[in-house]
**Q** 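Please find one structure pasted underneath; my questions will follow.
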There are 2 protein chains.
Amino acid sequence: MSKQEPDAPTGTQECCPGLLTAPLDEDQAGELAKIFKALGDPVRLRLLSMIASRAGGEVCVCELTPAFDLSQPTISHHLKLLRQAGLIDCERRGTWVYYWLLPGTTDRLARVLARPAGQPLPEPSGAVL
Amino acid sequence: MSKQEPDAPTGTQECCPGLLTAPLDEDQAGELAKIFKALGDPVRLRLLSMIASRAGGEVCVCELTPAFDLSQPTISHHLKLLRQAGLIDCERRGTWVYYWLLPGTTDRLARVLARPAGQPLPEPSGAVL
DNA sequence: GGCCTGTATCGACAACCATCGATGCAATCC
DNA sequence: GGATTGCATCGATGGTTGTCGATACAGGCC
């Protein structure tokens, strides 16, 4: 486990200065889109937040599955997608499998979305909601 | 324009303390998933970064369309999705249509993904990449 | 008015995705 | 060893999505 497909770049380019400062090239856009797509589902968002907000840092699948009105294979599928996006990782311990957050990936997204502290933004229509 | 469907919540709940601190409820997850889904496409990510990183704050569609190997209706479609997600807005000025970033939405995502400064994260497997 | 240009919408189609039941595999317990 | 439990994988299926050409609409120009 934790080693099935080389989908999670795990460490590739910490560089990119953010979405909001310079146009992304195709490679950066493709790589980031994979991660955002993984977050683009309510079930996966809830799974991720359940895992990330866990006190001990890790959660057993047996706690995640009953929290949803979905079949066990469906939850397993969503966890796999989150793992392939590099957002979480897991380990089998005896009968059970535990998942935890990989904070590097969420940190990277937060940086990519962050606006460099007081960017001008001449607000042609204002709109800072 | 700017007023076609009430899809962009524009200002709904600045509250939610973040993905990583407490489990999301279904409503929050559904709402956030819509925005992340809009970011889950390389073309839309590049469009957004082209718009956001623009010096004057706004970009004419006539500059965006030729930057891609895609048809004009396809670009228009992607811009519509970004707008429905509350990430950008637009205005027609004469013959041309101009788009700009709504920084409130990206700010909100950045906050949602940010980890509250020195969260423990006992790292059962380390993995801070 | 009529034409041209820029952009949005429509309808169609192929590709992808979320979901399920069935099944397989791993580890424990008897 | 055999039974049981926890989780992953497989195959199928209906719904969603990215893309296109055709078309409609809006505004400027003659």
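Bear in mind the structure is a predicted one, so any value in this text is a computation, not a measurement. All chains are named by letter (A, B, ...) in the order of the sequence lines, taking the proteins before the strands, and each is independently numbered beginning at 1.
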**Q** Please collect all side chain to side chain donor-acceptor pair (under 3.5 Å) contacts where either partner lies in residues 61-72 of chain A, sequence neighbours excluded, each pair once.
**A**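 For residues 61-72 of chain A: Arg54(A)-Glu63(A), Ser71(A)-Thr74(A).
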
**Q** What's the closest nucleotide to the Val61(B) side chain, out of dG18(D), dG6(D), dA8(C)?
**A**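 The answer is dA8(C).
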
**Q** Without decimals, in angstroms, what is the distance between Arg44(A) CZ and dT19(C) C1'?
**A**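 About 12 Å, once rounded to whole Å.
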
**Q** Please give me the minimum heavy-atom distance between Val59(A) and Ile51(A), naming the atom from each residue.
**A**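 Closest pair (atom of Val59(A), atom of Ile51(A), distance): CG2-CA, 3.7 Å.
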
**Q** For Ala33(A), what residues pass the side chain to side chain contact (heavy atoms under 4.5 Å, CB included) criterion, not counting sequence neighbours?
**A**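 Testing Ala33(A) for side chain to side chain contact (heavy atoms under 4.5 Å, CB included), a comparison that skips the adjacent residues, returns Pro42(B), Leu45(B).
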
**Q** Remember a base hit wins even if backbone is also touched, and classify Leu81(B) as base, sugar-phosphate or nothing at under 4.0 Å, heavy atoms.
**A**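 Here Leu81(B) touches the backbone only, sparing every base.
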
**Q** Indicate the atoms forming the closest heavy-atom contact of Lys37(B) with Gly40(A), along with that distance.
**A**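 Smallest interatomic distance, heavy atoms only, reads CE-O, 3.0 Å.
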
**Q** Between dT7(C) atom C1' and Ile75(B) atom CD1, what is the distance in whole Å?
**A**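 Distance, rounded to whole Å: 12 Å.
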
**Q** Any side-chain heavy atom of Leu39(B) sitting closer than 4.5 Å to one from Leu109(B)?
**A**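 In contact.
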
**Q** Rounding to a whole Å, what distance do you find between Trp96(B):CH2 and dC4(C):P?
**A**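 Atom CH2 in Trp96(B) sits about 17 Å away from atom P in dC4(C).
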
**Q** Expressed in angstrom and rounded to an integer, what is the separation of Lys80(A) atom NZ from dG6(D) atom P?
**A**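 Those two atoms, NZ and P, are 22 Å apart.
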
**Q** How close or far is atom C1' of dA26(C) from atom CD of Glu91(A), stated in whole angstroms?
**A**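 About 15 Å, once rounded to whole Å.
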
**Q** Any idea which heavy atoms bring Leu24(B) and Gly18(B) closest together, and the distance?
**A**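 Heavy atoms of Leu24(B) and Gly18(B) come nearest at CD1-O, 4.3 Å.
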
**Q** How does protein contact run along nucleotides 19-30 of chain D, one letter per nucleotide 5' to 3', with B for base contact, S for sugar-phosphate only, - for none, heavy atoms under 4.0 Å?
**A** BBBB----SS--

**Q** In this structure, how many angstroms lie between the P atom of dT7(C) and the OH atom of Tyr98(B), rounded?
**A**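 Rounded to the whole Å, the gap is 9 Å.
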
**Q** Taking CG from Leu82(A) and C1' from dA8(D), how many angstroms apart are they, rounded to a whole number?
**A**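 Leu82(A) atom CG is separated from dA8(D) atom C1' by 15 Å.
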
**Q** Between atom NZ in Lys34(A) and atom P in dC16(C), what is the gap in whole Å?
**A**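 The distance from NZ of Lys34(A) to P of dC16(C) comes to 14 Å, rounded to the nearest Å.
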
